[in-house]
Amino acid sequence: MRKFYTSDNGFIEKNEPEPRCWISVECPDEEDLLFLQRELCVPESFLESAADADERPRFDRDGDWLLTILRVPRHIVDGSPDDFDTVTLAVMTKGDLLVTICHNKTEMLDDFIADTRKRHIIAVNKPDFILRLMYSATYWFLNYLREMDRTVVNQLADIQHDVRNEDLYRLMRIQKSLVYFNTAIKGDTTLVSRVNKMFDDECDPDLLEDVEIELQQAQNTADIYIEILDSTMDTLTSVVSNNVNEIMKKMTSISIILMLPTLIASFYGMNVAVAFGSGGEAFWKIIAFSIGLALLSYLLLRRIRWI
């Protein structure tokens, strides 16, 4: 689906393309791709890069066209509530043309447009537009990171009472999302540092500094959360292993306690003459002896703290 926006105290949607407008293509279909190729003459290699889910942040030139690849965060709505990843956002510029392509639906683009209207922002030039996109992406990186941290805290509170496989799988999904975020933020940071070199227009130095500061904060936050979650997973592994050991010790102790009466019973079950095997009180003497041995073994195991 393609939309047309003009920058007038924020991006305002138009029905038809106008000079110096922004053409936003989100989740493109065949008709949108044909429009980009035939009407705007966008290089096919750029369209292929925009469709690549694993494309890294970079710049690329093809004639007068300049391609800028960003990695932006996304909450996977049709997956688990804890599933986050990053997607490719391609920005293509040539003269007055400004085109963005994203093959996935994200909250970031809608929020970016709404924020420009709320703050009456006018995109002065292409590098400023890219920096503002990156600033919005960084906001959502931090927002999703905080959401993941809250989930981890809640999960740890539940795990203290009962370690379930579902809880561990949930932490593993968050750990995977943190790796995606960390890699994407590093790539975007490298790209932002080269913005001034790739465009003829000079970007706003204050805006560039703000974006770099926010990216650094997002990078530090992701690093901290990754380190915390790694140590948490290691601790949980140790806890699970310790719990298994405790259960095995208890099961072994019970087996030892029950083994002694069973051993006595097996001796007296043989079809031979045995001591104390006759007499009216023999049965109760054997039972008392078996219970005494079981009690003695219980006390010994209790003393060495196996029970």
**Asked** Between Met1 and Asp29, is a side-chain contact (heavy atoms from CB on, under 4.5 Å) present by the stated rule, with each step listed?
**Response** CA-CA 7 Å; Met1 181 177 63; Asp29 54 21; over 6 Å; no
**Residues Trp22, Thr6; criterion side chain to side chain donor-acceptor pair (under 3.5 Å); working and verdict** = CA-CA 6 Å; Trp22 165 30; Thr6 58; over 6 Å; no
**Request:** List the steps, then state whether side chain to side chain donor-acceptor pair (under 3.5 Å) holds for Arg302 with Tyr298.
**Result:** CA-CA 6 Å; Arg302 183 70 179 269; Tyr298 170 79; 2.9 Å; yes
**Asked** Are Glu26 and Arg2 close enough, and set up right, to give a side-chain contact (heavy atoms from CB on, under 4.5 Å), and what steps lead you there?
**Response** CA-CA 6 Å; Glu26 198 170 15; Arg2 60 182 181 269; over 6 Å; no
**Asked** Are Ser136 and Asp111 close enough, and set up right, to give a side-chain contact (heavy atoms from CB on, under 4.5 Å), and what steps lead you there?
**Response** CA-CA 8 Å; Ser136 180; Asp111 178 72; 4.0 Å; yes
**Asked** Going through the checks in order, is the side chain to side chain donor-acceptor pair (under 3.5 Å) test met by Glu107 and Asn143?
**Response** CA-CA 11 Å; Glu107 295 178 274; Asn143 187 46; over 6 Å; no
**Prompt:** Is there a side chain to side chain donor-acceptor pair (under 3.5 Å) between Thr88 and Arg71 once you walk through the steps?
**Reply:** CA-CA 5 Å; Thr88 301; Arg71 298 297 300 184; 2.7 Å; yes
**Item:** Stepwise side-chain contact (heavy atoms from CB on, under 4.5 Å) test for Asn15 and Phe4
**Value:** CA-CA 7 Å; Asn15 294 327; Phe4 310 102; over 6 Å; no
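Cluster partners of Ile247 are Met251, counting Ile, Leu, Val, Met, Phe, Trp and Tyr whose side-chain heavy atoms approach within less than 4.5 Å, directly or via other members. Clustering of Ile, Leu, Val, Met, Phe, Trp and Tyr side chains at separations under 4.5 Å leaves Ile12 isolated, with no partner residue.
The closest side-chain heavy-atom distance from Val99 to Ile101 is below 4.5 Å. Side chains of Glu214 and Leu142 form a contact here, defined as non-hydrogen atoms less than 4.5 Å apart. With contacts defined as side-chain heavy-atom distances shorter than 4.5 Å, the pair Ile226/Leu229 does not qualify. For the pair Leu145/Met148, a side-chain contact is recorded, criterion being any heavy-atom separation below 4.5 Å from C-beta on.
Look at Lys105 and Asp110 and you find a salt bridge, because one of the NZ, NE, NH1 or NH2 atoms lies within 4.0 Å of a carboxylate O, short of that distance. Residues Asp128 and Arg132 are not paired through a salt bridge, judged by the lack of any N-O separation under 4.0 Å between the basic side chain and the carboxylate.
Neither Leu208 nor Ile121 shares a network with the other; the hydrophobic side chains, linked directly or stepwise wherever heavy atoms of I, L, V, M, F, W or Y lie under 4.5 Å apart, form separate groups for each. Linking ILVMFWY residues whenever their side-chain heavy atoms come closer than 4.5 Å, directly or via other members, leaves Leu98 and Phe35 in distinct clusters. Residues Phe84 and Leu89 fall within the same hydrophobic cluster, defined by Ile, Leu, Val, Met, Phe, Trp and Tyr side chains chained together at heavy-atom separations under 4.5 Å.
Each of Thr138, Thr189, Asn182, Asp188 was evaluated against Gln219; a single residue qualifies, Asn182, per the side chain to side chain donor-acceptor pair (under 3.5 Å) test.
Under the 30°/60° scheme for interplanar angles, the aromatic rings of Phe181 and Tyr144 are found to be tilted. Taking the six-membered ring where the residue is Trp, Tyr5 and Phe11 present perpendicular rings, their angle passing 60° and hence far from 30°.
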Which pairs of donor and acceptor atoms, one on a side chain in residues 43-55, lie under 3.5 Å apart (sequence neighbours left out)?
unit_1 : atom_1 : unit_2 : atom_2 : d
Ser49  : OG     : Ser45  : O      : 3.1
Ser49  : OG     : Arg58  : NH2    : 2.9
Asp52  : OD1    : Asp54  : N      : 3.0
Glu55  : OE2    : Arg58  : NE     : 2.6
Glu55  : OE2    : Arg58  : NH2    : 3.3

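A donor-acceptor pair under 3.5 Å is absent between the side-chain atoms of Lys94 and the main chain of Val42, judged by distance alone.
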